[in-house]
Amino acid sequence: MATTQEKTTPCCLQNDTTTTTARSSLPPPPQPLRKPTKDWPDPSQDPTRKSSSVPTMVPAFDTLTDPAPINTAAAPSKGILSMVRAQTSHPLDPLSAAEISVAVATVRAAGATPEVRDSMRFVEVALVEPAKSVVALADAYFFPPFQPSLLPKAKGGPVIPSKLPPRQARLVVYNKKSNETSVWIVELSEVHAATRGGHHRGKVISSKVVPDVQPPMDAVEYAECEAVVKDFPPFREAMKRRGIEDMDLVMVDAWCAGYHSDADAPSRRLAKPLIFCRTESDCPMENGYARPVEGIHVLVDMQNMVLIEFEDRKLVPLPPADPLRNYTPGETRGGVDRSDVKPLQIIQPEGPSFRVNGNFVQWQKWNFRVGFTPREGLIIYSVAYIDGSRGRRPVAHRLSFVEMVVPYGDPNEPHYRKNAFDAGEDGLGKNAHSLKKGCDCLGYVKYFDAHFTNFNGGVDTIENCVCLHEEDHGLLWKHHDWRTGLAEVRRSRRLTVSFICTVANYEYGFFWHFYQDGKIEAEVKLTGVLSLGALQQGEARKYGTTIAPGLYAPVHQHFFVARMDMAVDCKPGEAFNQVVEVNLKVEEPGKDNVHNNAFYAEEELLRSEMQAMRDCNPLSARHWIKHKKCQPDWTANRLQTCTWFKLFTISWF
């Protein structure tokens, strides 16, 4: 991911040329005093460590020139404040486009034969995240705001390496000829040489073939699968029996075959596509998912891109064309759009309250780093809170959504096998899209770009993939004194980091909100269109809801898996955090509850991951708290108790 220039979006802009730029810089931070330095040891030369577990990272590929002296008196007061960088890359920065290219070229060059190299398909290239100790070293002495307190005190003072260890990339590679999946680790220490016209290869640290797996399918494969199915003569005949002869109207969505029997074993790369059909060839925004084609069974060998099973099992009429099926403007659907909505402008005349340096963000005592991967999408790193004289207090090392699963509850064909793992099978990050146009974010907006490899090893860039902006969030706190008639009110402001991805019919918006009262909120918004099924005339389905003539929505759920590597008041390397479950308990009648009204919060320490496999329970107001263990040298809060963060869930429909 690379940051783009700061842009303002005062309202819903349809033309990018109206976007303005506002920026001002802060004086460069003072450089810390350093003790004599030493080079970071080369992990590959250390016989006591395995190369695959080496924490890594690299200086920035794109070098920056030294900033010109800043005239602070003449600096503009509006816009996004951009802090001067001490170096050009941080260990947690996502891979740049150039680093991805070098990693791909390194792996391709390592192929044993030209046939092997030509058969390589690059599914994913992502940063190998460095050890927390490396991140702490970088934040302490290499990147502003310099925070030496992150490192443990050493006798005689710290010994600081002259440079950080090189970055590493992890590549998932599919060999189309042999049907093998391999994982490669590549060191990117020579990227700088490539920029100066030198060789364009890194160093292969390890490679391993992973048996009996299939990597995620790629957009190239989706397109090829659709073409193969639509060119299959028996399929064309089946569509003709349904009144469809124009194959340009047909949509073929390649879904993973799942694992329902030994025939679905991952020794083969299989897809069982779902079929849909539009009604108008000249309407590119038509909702084709509103006309599912049922009764046709298709199995495609995605390795060789051939159709290996086909059966027209049941003739189910296509749902009738319905003008309400589309999501285009109202006049195109026999209606009109609302005309009684007056303009609402988001104005920040003095610019935003956040500051951005590369991927490092500061806002209202919060600071963190923005990351991005092809699988997870947005990652929030190194979350901390600046607490007055206590300085930087860590909260979390890493926050992200690592997987989601969408099981469908209809046992009928083909819906019983719809059980999508949208992160692992498709990639949330790879399916993200640009927020450059439209109303995804309003106000002063900071955008971040994202870089990915495509199936053939090239680099694709999604501009303005991640959005950072402030929002007014209503009332934060209020109290009215009825005796005096006086009131105090505080409005809530929050900082939002977000991205949106599209996986087939569904859109998912992932949002991380930071609040002024110390709260962090993760929110997922589901939008887009439904994956539907067709009904015979007069038919109804127990396992779905009829939503239009001849059309129903199968019942299904969305489960999101969040990964939260918490570090409440913990320095890197410390393992002092623990999880406590809290449940509401009613006191038994007796001497401690003579009025039969007593209830209390009961805490239980969860000592293992197995014990921590818990369900939500609103009846007992169940929640969890994450706090630092009470150590002999711990620093208490003003109540002389442990500091903790509360984890609770909010869900609505």
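Remember, it's a predicted structure, so these values are computed and weren't measured experimentally.
- Taking Pro320 as the reference, Pro549 meet the side-chain contact (heavy atoms from CB on, under 4.5 Å) condition, with sequence neighbours excluded.
- In terms of modelled atom types and a separation under 3.5 Å, the side chain of Glu99 and the main chain of Ser96 share a donor-acceptor contact.
- At least one donor-acceptor pair under 3.5 Å links the side chain of Lys176 to the backbone N or O of Gln303.
- Applying the salt bridge (charged side-chain N to carboxylate O under 4.0 Å, His left out) rule to pairs touching residues 211-222 yields Asp218-Lys430, Glu221-Arg269, sequence neighbours excluded.
- Residues meeting the disulfide (SG to SG under 2.5 Å) test with Cys277, sequence neighbours left out: none.
- Screening Arg541, Arg417, Lys542 for a salt bridge (Lys or Arg N to Asp or Glu O under 4.0 Å) with Asp410, the sole residue that qualifies is Arg541.
- The ring-ring contact (aromatic ring centres under 6.0 Å, His included) test applied to Tyr174 returns no partner, not counting sequence neighbours.
- Among residues at least two apart or in separate chains, there is no salt bridge (charged side-chain N to carboxylate O under 4.0 Å, His left out) pair with a member in residues 252-262.
- Residues that satisfy the ring-ring contact (aromatic ring centres under 6.0 Å, His included) test with Tyr408, not counting sequence neighbours, are His556.
- Residues meeting the side-chain contact (heavy atoms from CB on, under 4.5 Å) test with Ser267, sequence neighbours left out: Ala265.
- Sorted by first then second residue, the ring pair (Phe, Tyr, Trp, His ring centres under 6.0 Å) pairs that include residues 244-276, not counting sequence neighbours, are His260-Tyr416, Phe276-Tyr289.
- No side-chain donor-acceptor contact under 3.5 Å links Thr496 and His469.
- For His415, the ring-ring contact (aromatic ring centres under 6.0 Å, His included) partners two or more places apart in sequence, or in a different chain, are Tyr552.
- Note on Arg494 versus Glu521: salt bridge recorded, some NZ/NE/NH1/NH2 to OD/OE distance being below 4.0 Å.
- The salt bridge (charged side-chain N to carboxylate O under 4.0 Å, His left out) check on Arg325 picks up Glu280, Glu286, with sequence neighbours excluded.
- Applying the ring pair (Phe, Tyr, Trp, His ring centres under 6.0 Å) rule to pairs touching residues 210-235 yields Phe232-Phe310, sequence neighbours excluded.
- Separating the CE atom in Met247 from the NZ atom in Lys240 is a distance of 9.0 Å, to the nearest 0.5 Å.
- Looking at residues two or more places apart in sequence or on another chain, you find a salt bridge (charged side-chain N to carboxylate O under 4.0 Å, His left out) between Glu403 and Arg375.
- A cation-pi arrangement is not found for Lys446 relative to Tyr444, the charged atom failing to lie both closer than 6.0 Å to the ring centre and inside a 45° cone about the ring normal.
- Side-chain contact between Cys441 and Ser498 is present, with at least one heavy-atom pair separated by less than 4.5 Å.
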